[in-house]
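Chain naming here is simple, since letters A, B, ... match the order of the sequence lines and numbering starts at 1 in each.
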2 protein chains.
Amino acid sequence: MVDAFFERYRPRLTETAIGLLMPNVKVLHHPKKYELIKANHNSGYAYLLVKGAARSYYLHNGMEINSWFAFENEMVGSLRNYNNLPSRETIELLEDSTLLSFNINGIKPLMAENIEISNFINQVIGEYCLYLEDKLYYTHLRSARERYTALLAQEPNVFRRVPLTYIASFLGISRETLSRLRAK
Amino acid sequence: MVDAFFERYRPRLTETAIGLLMPNVKVLHHPKKYELIKANHNSGYAYLLVKGAARSYYLHNGMEINSWFAFENEMVGSLRNYNNLPSRETIELLEDSTLLSFNINGIKPLMAENIEISNFINQVIGEYCLYLEDKLYYTHLRSARERYTALLAQEPNVFRRVPLTYIASFLGISRETLSRLRAK
DNA sequence: ATGCCCATTTGATTTATGTCACAAAATCAT
DNA sequence: ATGATTTTGTGACATAAATCAAATGGGCAT
């Protein structure tokens, strides 16, 4: 079920590593709007989105600001939770979804005894780190139009599966401006 | 010399780990304006800033955009270089500096054979990742004045040791606007 | 010290984008 | 289906911050 995800990671996890991980992994189904992780809490779990979509948002001046969207085969979770800090964001499903849950407290000790698991997790974090650098690079000092066209080019799925209201705050612009940019 | 830096990391590196690392570490002195890492290149090194200051910048529409500043006891380098990608940024010294250089190609293989080294490097990357999340969180949808006052509160050193011209592009505002914000 | 080159400030003007108000369209629940 | 609620689009206007243009100030090299 999750082969496509794990195959991105090299060297691939051996049976031994997978055997150690399995007791900490569960398959879950949740409906649209279900909150995987709540703001200001430490959930203790990270998730692999097998099927479906999710968003991460936080409140600022009473408004929901969306920080990312995720789809099939992407890892979703709170890096702050992973580091035993409360999440700043709420992670909510945008569609009915199938997920794998990973018990962070169960898996962390395995990193010391199994180098494959350690490498795997560190690769996930390393890729997220590169993603954050890209996001900063492609938004800093860029106009609303540039950010909009970049997102359209790089992640067209977002426009097919996420309401425009959510996309606007993700791009750091008002709903009205996004609407006008789309109207060309 | 670098104790203060290494002490932030737990568990502390043992003699064994340090012995493996040492052949890949050199002490260096370089003058102000020296370029540690050049844009579009893969330097193969990361650095610990023992004494001095550095900035990272990239060109955008012919203008230098500063992405970060670093001071004593901070690691400086290109995450993209670490991942065998060309750096987008040039890293330049802002003051005459003392550094430790780390040979990335020499150290990476050690991560497979020594878990301490692996943990150490992953902790450095993990902390950088949290820093990037914070930076996005504290700049997204915030006004020039909010970003300015946040930087003043969180990293006052920057205003003592970095020219305002550089700080402006780091904050994502024009030099004139920064000047006016300072004038209150 | 002197002069030159940047860095910084200040003023006038322009522009992109936000805000407010409402209309139209789409989605949802009964 | 029907109305109700939410999402998206449009217009008028306000405003933060950019841009352009000088003027002033500071630091560095001779």
> Which whole-number value in Å describes the distance from B:Ile65 CD1 to D:dA18 C1'?
Replying inline: 13 Å
>> List the residues meeting ring-ring contact (aromatic ring centres under 6.0 Å, His included) with B:Tyr166, not counting sequence neighbours, and say none if there are none.
In response: none
> More 5' along DNA chain D: A:Leu141 or A:Ala183, using each one's nearest nucleotide?
Replying inline: A:Ala183
> Rounded to whole angstrom units, what separation is found between the CZ atom of A:Arg175 and the C1' atom of C:dA23?
Replying inline: 15 Å
>> What is the distance, to the nearest angstrom, from the NZ atom on B:Lys184 to the P atom on C:dT10?
In response: 14 Å
> Within this structure, what is the CZ-to-C1' distance between B:Phe159 and C:dT8, rounded to whole angstrom?
Replying inline: 14 Å
> With a 4.0 Å cut-off on heavy atoms, is B:Arg182 in touch with a base, just the backbone sugar-phosphate, or nothing at all?
Replying inline: sugar-phosphate
> Starting at CD of B:Glu176 and ending at P of D:dT24, how long is that distance when rounded to a whole Å?
Replying inline: 17 Å
> Between A:Glu133 and B:Arg80, is there a side-chain N and carboxylate O pair less than 4.0 Å apart?
Replying inline: no
>> Side chain of B:Ser179, heavy atoms from C-beta onward: which of C:dT8, D:dT7, D:dA17 has the nearest atom to it?
In response: C:dT8
> Counting side-chain heavy atoms from C-beta on, which of D:dT8, D:dA17, C:dT9 comes nearest to B:Thr177?
Replying inline: D:dA17
> Is the distance between the ring centroids of B:Tyr148 and B:Phe159 less than 6.0 Å?
Replying inline: yes
> Rounded to whole angstrom units, what separation is found between the CG atom of B:Leu181 and the C1' atom of D:dA17?
Replying inline: 9 Å
>> Test of understanding: clusters of I, L, V, M, F, W, Y form through side-chain heavy atoms closer than 4.5 Å, transitively. Do B:Leu152 and B:Phe71 belong to the same one?
In response: yes
> In terms of side-chain heavy atoms of B:Pro163, which of D:dT10, C:dT8, D:dA18 is nearest?
Replying inline: C:dT8
> With sugar-phosphate meaning primed atoms plus P, OP1 and OP2, does B:Ile173 contact a base, only sugar-phosphate, or nothing at under 4.0 Å between heavy atoms?
Replying inline: sugar-phosphate
>> Measure CG/A:Leu178 against P/D:dT8 and give the value in whole Å, please.
In response: 9 Å
> Between B:Phe170 and B:Tyr57, is the ring centre distance below 6.0 Å?
Replying inline: no
> Is there a donor on the side chain of A:Arg180 or the base of D:dG11 sitting less than 3.5 Å from an acceptor on the other?
Replying inline: yes
>> Tell me the interatomic distance from A:Tyr148, atom OH, to C:dT17, atom P, rounded to whole angstroms.
In response: 14 Å
> Counting just side-chain N and O atoms, does B:Thr165 come under 4.0 Å of either OP1 or OP2 of C:dC6?
Replying inline: no
